[in-house]
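Some notes on the structure that comes next.
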Amino acid sequence: MFASKEGQSVPQVTFHTRQGDQWVDLTTNELFANKTVVVFSLPGAFTPTCSSSHLPRYNELASVLAEHGVDDILCVSVNDTFVMNAWKADQEAENITFIPDGNGEFSKGMGMLVDKEELGFGPRSWRYSMLVKNGVVEKMFIENEEPGDPFKVSDADTMLKYVAPEHKLQESIMVFTKPGCPFCAKAKQNLIDKGLQYEEVILGQDATTVSLRAVSGRSTVPQVFIGGKHIGGSEELEAFLA
């Protein structure tokens with residue numbers, strides 16, 4: 001069983017990071033002192049669950065966590081800084097600070113270093129998340145020891161529920177658009193005016209009209225989806241929001 005570190009200080013470690021063409025060392029103190037920080041740690045960059053679920057949702061909920069007092073969100077993995085930088089670029093996760101625990105010192109100090117030799121990974125971090133205030137662990141969510149790669153409690157939604165139990169999450173919104181479309185601009189502005197966050201899918205860049213017709217049955221833009229429901233174009237969105 002992994003032991004919780006709640007009430008204890010995080011390990012004192014120096015992380016060697018590459019920023020641009022410069023080596024920059026970051027210390028535990030620089031990352032955690034006088035801050036409220038969410039940390040989620042995972043087995044490896046580019047691995048399936050980490051890329052499809054764990055990281056994207058923390059990136060998506062970063063602004064909500066910030067509204068409730070979180071100063072930074074750290075993604076820790078036993079990978080070198082070049083791999084972590086490439087993963088950040090691939091995921092377009094600008095709301096997350098990527099921490100390369102290349103030698104596994106931080107993970108070992110947290111009691112979370114495990115042997116993934118059977119996968120050819122060597123020593124890696126067990127999957128967990130934690131809320132750290134001024135360098136002291138307030139809360140940890142540690143995945144159960146079971147076969148495979150369990151992912152049930154270290155997710156962003158569980159962390160948000162702990163940080164802000166009364167907060168009601170907005171339903172996910174996606175808008176299909178194309179450049180220069182005035183109706184698309186109108187729809188996006190309506191969402192902004194209502195304080196609603198949305199993800200934009202740009203035709204010709206992120207998707208094609210084939211994808212648009214497949215999911216909406218239409219070929220015109222914008223097409224808005226809220227909580228899995230097809231709302232329609234800009235006029236239909238306006239009526240829906242009213």
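Heads up: numbering here begins at 1 and tracks the sequence.
Tracing side-chain contacts under 4.5 Å through hydrophobic residues (I, L, V, M, F, W, Y), one reaches Val153 starting from Leu61; they form part of the same cluster. Residue Phe98 is not grouped with residue Phe106 when hydrophobic side chains (ILVMFWY) are merged at heavy-atom distances under 4.5 angstrom, including chains of intermediate members.
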### Message
Quick one, Val78 with Leu113, criterion side chain to side chain contact (heavy atoms under 4.5 Å, CB included). Give me CA distance, side-chain angles, the key distance, then yes/no.
### Response
CA-CA 9 Å; Val78 182; Leu113 196 65; 4.1 Å; yes
#### Entry: side chain to side chain contact (heavy atoms under 4.5 Å, CB included) evaluation trace for Glu199 with Ile173
CA-CA 6 Å; Glu199 182 171 275; Ile173 301 175; over 6 Å; no
### Message
Using side chain to side chain contact (heavy atoms under 4.5 Å, CB included), reason through Leu131 and Met159 one step at a time and then give a plain yes or no.
### Response
CA-CA 8 Å; Leu131 182 68; Met159 179 60 72; 4.2 Å; yes
### Task
For Phe15 and Trp23, run ring-ring contact (aromatic ring centres under 6.0 Å, His included): C-alpha distance rounded to whole Å, both residues' side-chain angles, the deciding distance at 0.1 Å, then the answer.
CA-CA 10 Å; Phe15 301 97; Trp23 284 101; over 10 Å; no
### Message
Could you walk me through whether Phe40 and Tyr128 satisfy the ring-ring contact (aromatic ring centres under 6.0 Å, His included) test, starting with their C-alpha distance in whole Å, then the side-chain angles of each, then the deciding distance to 0.1 Å, before giving a yes or no?
### Response
CA-CA 6 Å; Phe40 65 102; Tyr128 69 94; 9.8 Å; no
### Message
Show, in sequence, the C-alpha distance, side-chain angles and deciding distance for Asn95 and Tyr58, and conclude whether the side chain to side chain contact (heavy atoms under 4.5 Å, CB included) test is met.
### Response
CA-CA 8 Å; Asn95 300 318; Tyr58 270 104; over 6 Å; no
### Verdict with supporting geometry, Glu146 and Lys152, salt bridge (Lys or Arg N to Asp or Glu O under 4.0 Å)
CA-CA 11 Å; Glu146 55 188 68; Lys152 298 174 182 176; 3.3 Å; yes
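A 6.0 Å sphere centred on OH of Tyr198 holds more than 12 heavy atoms belonging to other residues, nucleotides or ligands. Within a 6.0 Å radius of NZ in Lys88, other residues, nucleotides and ligands contribute more than 12 heavy atoms. More than 12 heavy-atom neighbours from other residues, nucleotides or ligands sit within 6.0 angstrom of CD on Gln19. Annotation for Glu235: atom CD does not count as buried by contact number, only 12 or fewer foreign heavy atoms lying within 6.0 Å. Around NZ of Lys186, the count of heavy atoms belonging to other residues, nucleotides or ligands within 6.0 Å exceeds 12. Counting heavy-atom neighbours within 6.0 Å of Glu117 CD, excluding the residue itself, gives a total of 12 or less. The environment of Glu166 atom CD is sparse: at most 12 non-hydrogen atoms of other residues, nucleotides or ligands sit within 6.0 angstrom.
Considering every non-hydrogen atom in both Val83 and Asp80, the closest pair reads N-OD1, 2.9 Å. Taking both residues in full, the closest heavy atoms of Glu60 and Ser172 are given as OE2-OG, 3.9 Å, listed atom of the first, atom of the second, then distance. Nearest heavy atoms, Glu30 versus Asp25: OE1-O, 3.6 Å. Summarising the geometry of Cys75 relative to Met84, their closest heavy-atom pair is O-CE, 3.6 Å, with the distance given to 0.1 Å.
For the pair Lys139 and Phe141, the cation sits on the ring face: its NZ or CZ lies under 6.0 Å from the ring centre, inside 45° of the axis. For the pair Arg127 and Phe151, the cation-pi test (distance below 6.0 Å, angle within 45°) is passed.
How far CG of Asp206 is from OG1 of Thr208: 11.0 Å, rounded to the nearest 0.5 Å. Separation of atoms OG1 (Thr177) and CD1 (Ile202) is listed at 5.0 Å; rounding is to 0.5 Å. To the nearest 0.5 Å, the span separating NZ on Lys188 from CG on Leu196 amounts to 15.0 Å. Rounded to the nearest 0.5 Å, atoms CZ (Phe2) and CE (Met140) are 9.5 Å apart. We find the CD-NE2 distance between Glu67 and His167 to be 6.5 Å, quoted to the nearest 0.5 Å. Note that the CD1 atom of Ile96 and the CD1 atom of Ile73 stand 4.5 Å from one another [nearest 0.5 Å].
For the residue pair Ser216 and Gln223, no side-chain donor N or O sits within less than 3.5 Å of a side-chain acceptor on the partner. Judged purely by distance below 3.5 Å, without hydrogens or angles, the side chains of Thr14 and Thr27 never pair a donor atom with an acceptor atom. Counting only N and O atoms by type, the side chains of Ser107 and Trp126 include no donor and acceptor under 3.5 Å apart.
Remark: Lys35 does not engage Asp72 in a salt bridge, criterion side-chain N to carboxylate O under 4.0 Å. Salt bridge present: Arg218 and Glu236 bring a charged side-chain N and a carboxylate O closer than 4.0 Å.
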